[in-house]
Amino acid sequence: MPDCDHSSVHSIVHASLLLAPLVGFVAHDDPRMLGTVQAIERNLMRDGFVLRYDTETVRDGLRSGEGAFLACSLWYADNLVLQARISEAQTMLERVAATANDVGLLAEEFDTQASKQLGNCQQALSHIALIDTAYRISDRINEGG
């Protein structure tokens with residue numbers, strides 16, 4: 001088992017928390033969720049994308065420095081839609097879509113410094129999240145939001 005430092009678990013922000021309102025675990029407007037989105041904006045946004053977690057501060061046995069996680073960036077956009085921040089959500093959707101390769105496939109991660117895909121490619125999770133976010137934005141626009 002990797003050597004994890006559990007002494008600072010309370011201060012770890014992980015972008016998977018963005019799934020909580022998407023699966024009905026907590027309301028999107030619950031103060032805890034609003035605070036979580038703000039914490040992710042403060043701690044996990046890099047060059048307009050969302051990291052899964054801060055690999056520089058979390059000791060989990062993996063090397064630090066992974067790229068932005070595309071599914072997390074899209075889950076963030078979903079939360080923006082739920083908070084009626086449609087324009088910001090559209091911008092994130094377009095930013096993620098722009099990382100696709102020459103045949104339109106998305107990877108798992110994106111290296112913003114080198115402008116290249118990282119990790120598994122093609123990554124079904126990234127594609128599913130992209131489609132889900134596009135539908136969520138479209139539904140909100142169509143209902144007048």
> Within the 4.5 Å heavy-atom criterion, are L106 and Q123 side-chain neighbours or not?
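No, too far: nothing below the 4.5 Å cut-off.
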> Same cluster or not: are L19 and I131 linked, directly or through other Ile, Leu, Val, Met, Phe, Trp or Tyr residues, by side-chain heavy atoms under 4.5 angstrom apart?
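Hydrophobic grouping puts L19 apart from I131.
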> Would L125 end up clustered with L93 when hydrophobic side chains under 4.5 Å apart are linked, directly or stepwise?
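In one cluster with L125: L93, yes.
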> Compare all side-chain heavy atoms of D78 with those of L18 and state whether any distance is below 4.5 angstrom.
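They are not in contact (no side-chain heavy atoms under 4.5 Å apart), so the answer is no.
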> Can you find a pair of side-chain heavy atoms, one from L82 and one from L22, that are under 4.5 Å apart?
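When only atoms from C-beta onward are counted, L22 and L82 do touch, with a gap below 4.5 Å.
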> Within the structure provided, determine whether F69 and V50 are in side-chain contact (heavy-atom separation under 4.5 Å).
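F69 does not reach V50 side chain to side chain.
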> What pair of heavy atoms forms the shortest contact from W75 to A15, and how long is it?
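Distance-wise, the nearest heavy atoms are CE3-O, 4.1 Å.
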> Is there a path of hydrophobic side-chain contacts, each under 4.5 Å between heavy atoms of I, L, V, M, F, W or Y residues, that connects Y135 with I128?
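No, Y135 does not connect to I128 through the hydrophobic network.
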> For D47, enumerate each residue passing the salt bridge (charged side-chain N to carboxylate O under 4.0 Å, His left out) test, keeping only those at least two apart in sequence or located in another chain.
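Salt bridge (charged side-chain N to carboxylate O under 4.0 Å, His left out) list for D47, sorted by chain: empty.
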> To the closest 0.5 Å, what do you measure between CD1 (I40) and CD (Q38)?
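The distance works out to 11.0 Å.
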> State plainly whether one hydrophobic cluster holds both L74 and I141, where clusters connect Ile, Leu, Val, Met, Phe, Trp and Tyr through side-chain heavy atoms under 4.5 angstrom apart.
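In one cluster with L74: I141, yes.
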> Suppose we screen for salt bridge (charged side-chain N to carboxylate O under 4.0 Å, His left out). Which residues come up paired with D30, at least two apart in sequence or across chains?
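With neighbours one apart ignored, the set is R32.
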> Heavy atoms only: give me the nearest H127-L105 pair and the separation to one decimal.
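In this case the closest contact between H127 and L105 is NE2-CA, 3.6 Å.
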> How long is the straight-line distance from CG of L17 back to OH of Y53, given to the nearest 0.5 Å?
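Separation between the atoms: 14.0 Å.
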> Can you name the closest pair of heavy atoms from C72 and R52 and give their distance?
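That would be SG-CG, 3.7 Å.
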> Of the non-hydrogen atoms in A27 and P21, which two are nearest, and what is the gap between them?
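Distance-wise, the nearest heavy atoms are C-CB, 4.3 Å.
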> Grab the two heavy atoms, one from M92 and one from G48, that are nearest each other, plus how far apart they are.
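Of all heavy-atom pairs spanning M92 and G48, the closest is CE-O, 3.1 Å.
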> Measuring from L44:CG to S73:OG, what's the distance to the nearest 0.5 Å?
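It comes to 10.0 Å.
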> Give the ring-plane orientation class for F110 versus F49, where under 30° counts as parallel, over 60° as perpendicular and anything between as tilted.
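Ring orientation, 0 to 90° scale: tilted.
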> For residues I86 and V81, determine if any side-chain heavy atom of one lies less than 4.5 Å from a side-chain heavy atom of the other.
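When only atoms from C-beta onward are counted, V81 and I86 do touch, with a gap below 4.5 Å.
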> Contact between L70 and E109 at the side-chain level, heavy atoms closer than 4.5 Å - yes or no?
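Side chain of L70 against side chain of E109, heavy atoms only: no contact under 4.5 Å found.
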> Mind jotting down which residue pairs meet the side-chain hydrogen bond (donor to acceptor under 3.5 Å, both in side chains) criterion with at least one end in residues 79-94? Sequence neighbours excluded, please.
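The answer is E41-R85, Q83-R85, R85-E88.
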> So does L130 get a backbone contact from the side chain of T133, meaning a donor-acceptor N/O pair under 3.5 Å?
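No: the side chain of T133 does not pair with the backbone of L130.
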> How far apart are the closest heavy atoms of A107 and S126, and which atoms are they?
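Here A107 and S126 meet closest at O-OG, 2.7 Å.
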> Rounded to the nearest 0.5 Å, how far does CZ of R136 lie from CG of D132?
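Rounded to the nearest 0.5 Å, the CG-CZ separation comes to 5.0 Å.
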